[in-house]
Amino acid sequence: MPIDAATALAAPPRTNDIAWDSKDVLLYHLGVGAGAHRPATDPDELRYTYEKDLQVLPSFVTVAGGGLAKAGVFTLPGLRIDLSQVLHGGQRIELHRPVPVAGSGVLTSRLAAVYDKGKAAVLVMRSEAADDQGPLWTCDTEVFVRGEGGFGGERGSSTRTPPPERVPAWEQEVPVRHDQALLYRLSGDWNPLHADPDFAKLAGFDRPILHGLCSYGTTLKTVVDTALGGDASRVLSYSTRFAGIFFPGETLRVRIWDLGGGRLSVTATAVERADAPVLADTVLTHQ
C-alpha cells in the first residue's frame with residue numbers, strides 16, 4: 001500500500017521559517033470574498049481590504065508564510081499520495097494570541113495520526129507556529145485520501161457536534177464569485193482540482209470545486225461580522241468538518257447558534273443544491 005503509517009508517524013518534526021506581511025493578508029481576505037458584496041469602500045469591509053486599521057481573519061494562519069503547504073504532509077516518508085484522490089476532511093485552528101498583520105516565526109509540523117477508514121485513510125497533520133514572543137497558533141489538518149485505507153490501522157473516533165434543534169440566532173446568505181477559487185489559490189493552494197476542469201473530472205467532479213479552506217475562511221468572516229461585532233481578534237479557536245463540496249458561483253448559507261459560554265455552533269450549506277452540507281460539526285470559541 002502507498003501508506004506506511006508506522007514510517008510516516010516516526011518521521012521527525014519538520015521546521016520551516018515563515019514570514020508574511022500586509023499584502024499577504026489582503027490577498028487572503030480578497031480570496032475568501034472580502035469586499036465582494038458590500039460597496040468596496042464600506043468601513044466594515046475596509047478593515048479586511050485596506051492597510052489602514054487592517055485586522056487579520058484568524059483563518060489566515062492556514063496560508064501564512066506558505067502555511068499548510070509548507071508542512072509537507074504529502075512528502076513525508078511512508079506516504080505516496082495521488083492528489084486526485086485527496087480531499088480536505090477537517091480543520092481546527094487555535095489562536096494563542098491575535099495574528100499580527102506582519103510577522104515571522106518558525107512553523108513546526110508533524111504527522112499526529114493516521115486513521116484507517118476502510119476505503120480511505122485520514123491523515124492528521126499538526127502545525128505549530130511561534131515567534132520570539134512565544135506561541136502564535138496551532139493548526140490540526142485532517143486530509144482524507146480515497147482508496148488508501150485497509151492497511152490495518154486504528155479507525156479513530158467519529159465525534160459529531162450537531163447544532164441545537166432550534167432556530168439559529170443569525171443566518172446569512174453569501175454569494176460566492178465564479179472566480180473565487182482562482183483568486184484564493186494565489187495564497188498558496190495550487191491543487192489543480194480547484195482550477196483545471198480536466199483534473200476535476202479525473203477526481204470525479206463535473207467541474208473544479210472550491211477549496212475547503214476557502215469555504216472555511218468565508219464562513220469565519222461571516223461569523224465574525226454577524227456574531228462578533230466585526231472583531232476578528234475575539235476568535236480563540238475554530239474547528240470544522242468538511243461535509244460536502246461547494247462550487248464557485250453558488251451561494252453559501254451560514255447559520256449560527258449561540259451556545260453560551262463563548263461558544264458558537266455553525267453550519268454552512270449550498271443554497272442552490274437544497275442546502276447540501278458544506279461545513280458541519282463547526283464550533284467557534286471566542287472571548
Side-chain angles (χ1 to χ4, degrees), residues 16-71 88 91 93-107 127 129-131 133 136-137 139 141 172 174-191 194-195 210-236 238 240 246 248-249 252 254 268 284 286:
N16 289 283
D17 293 330
I18 58 172
W20 65 95
D21 59 23
S22 60
K23 182 179 179 180
D24 301 313
V25 174
L26 293 167
L27 180 61
Y28 173 78
H29 288 166
L30 293 172
V32 297
H37 308 299
R38 292 190 179 105
T41 54
D42 187 316
D44 289 344
E45 291 302 294
L46 287 178
R47 60 191 171 199
Y48 298 105
T49 58
Y50 180 48
E51 54 272 23
K52 180 183 177 183
D53 300 324
L54 180 64
Q55 65 173 350
V56 182
L57 196 65
S59 51
F60 169 72
V61 305
T62 61
V63 302
L68 301 180
K70 266 198 172 178
H88 202 148
Q91 186 69 46
I93 59 174
E94 179 180 358
L95 289 305
H96 304 299
R97 50 192 159 96
V99 182
V101 169
S104 62
V106 174
L107 187 73
S127 299
D131 62 10
Q133 297 180 47
L136 281 163
W137 65 76
C139 285
T141 304
Q172 292 287 327
V174 184
V176 174
R177 293 162 50 120
H178 287 272
D179 62 354
Q180 200 69 63
L182 300 178
L183 183 56
Y184 178 83
R185 71 194 303 266
L186 300 181
S187 287
D189 189 334
W190 302 104
N191 188 338
H194 309 293
L210 191 66
H211 306 70
L213 283 178
C214 185
S215 299
Y216 182 75
T218 300
T219 300
L220 179 58
K221 179 180 180 297
T222 303
V223 174
V224 168
D225 289 345
T226 57
L228 300 182
D231 185 354
S233 70
R234 293 179 61 189
V235 178
L236 300 176
Y238 176 47
T240 199
F246 187 82
L252 196 67
V254 178
L284 181 148
H286 65 89

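The figures that follow rest on heavy atoms only: side chains count, while hydrogens, waters and symmetry mates do not. Residue indices begin at 1 and follow the sequence shown.
- Considering CD of Q172 and NZ of K221, their distance stands at 10.0 Å, rounded to 0.5 Å.
- Partners of T219 by side-chain hydrogen bond (donor to acceptor under 3.5 Å, both in side chains), not counting sequence neighbours: none found.
- Residue L57 comes nearest to A232 through the heavy atom pair CA-CB, 4.2 Å, listed as atom of the first residue, atom of the second, then distance.
- Within the structure, salt bridge (Lys or Arg N to Asp or Glu O under 4.0 Å) contacts touching residues 21-36 (residues at least two apart or in different chains) do not occur.
- Remark: the backbone N or O of Q91 is not paired with any side-chain donor or acceptor of T240 at under 3.5 angstrom.
- Every residue meeting the side-chain contact (heavy atoms from CB on, under 4.5 Å) condition with S215, not counting sequence neighbours, appears here in chain and number order: L210, F246, V278.
- Remark: E51 engages L26 in a side-chain contact (heavy atoms from CB on, under 4.5 Å) (not counting sequence neighbours).
- In this structure, NE2 on H211 lies 4.5 Å from NE2 on H194, to the nearest 0.5 angstrom.
- Among residue pairs with one or both ends in residues 29-38, those qualifying as side-chain hydrogen bond (donor to acceptor under 3.5 Å, both in side chains) are R38-E45; sequence neighbours excluded.
- Looking at heavy atoms from C-beta onward, D17 lies in side-chain contact with V106 at the 4.5 angstrom threshold.
- Pairs engaging residues 178-187 under the salt bridge (Lys or Arg N to Asp or Glu O under 4.0 Å) rule: R177-D179 [sequence neighbours left out].
- For Y28, the side-chain hydrogen bond (donor to acceptor under 3.5 Å, both in side chains) test picks out S59, with sequence neighbours left out.
- Counting heavy atoms from C-beta outward, R97 and L136 have side chains that approach closer than 4.5 Å.
- Under the ring pair (Phe, Tyr, Trp, His ring centres under 6.0 Å) criterion, H286 pairs with no residue at all, not counting sequence neighbours.
- Remark: C139 SG to L95 CG distance equals 8.5 Å, nearest 0.5 Å.
- Nearest heavy-atom pair across A129 and I18 is CB-CD1, 4.3 Å.
- In this structure R234 satisfies the salt bridge (Lys or Arg N to Asp or Glu O under 4.0 Å) test with no other residue, sequence neighbours excluded.
- In this structure, the side chains of V224 and Y238 stay at 4.5 Å or more apart for every pair of heavy atoms.
- The backbone N or O of T62 lies less than 3.5 Å from no partner atom in the side chain of W137, so there is not a single donor-acceptor pair.
- With sequence neighbours left out, the side-chain contact (heavy atoms from CB on, under 4.5 Å) criterion links L30 to T49, L183.
- Minimum heavy-atom separation, Y48 to A34: CB-CB, 3.8 Å.
- For P58 against V235, the heavy-atom pair with the smallest separation is CG-CB, 3.7 Å.
- Partners of D42 under the side-chain hydrogen bond (donor to acceptor under 3.5 Å, both in side chains) rule, at least two apart in sequence or in another chain, do not exist in this structure.
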task: Check step by step if side-chain contact (heavy atoms from CB on, under 4.5 Å) holds for L228 and L284.
output: CA-CA 11 Å; L228 300 182; L284 181 148; 4.1 Å; yes
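- Annotation for W20 and V101: closest pair CD1-O, 3.5 Å, computed over non-hydrogen atoms.
- Annotation: side-chain contact (heavy atoms from CB on, under 4.5 Å) contacts of S104 (sequence neighbours excluded): A19.
- Of the inter-residue distances, the one linking D231 atom CG with D225 atom CG reads 10.5 Å to the nearest 0.5 angstrom.
- For the atom pair NE2 (H88) and CG (N191), the distance works out to 11.5 Å, reported to the nearest 0.5 Å.
- For the atom pair T218 OG1 and Y184 OH, the distance stands at 9.0 Å (nearest 0.5 Å).
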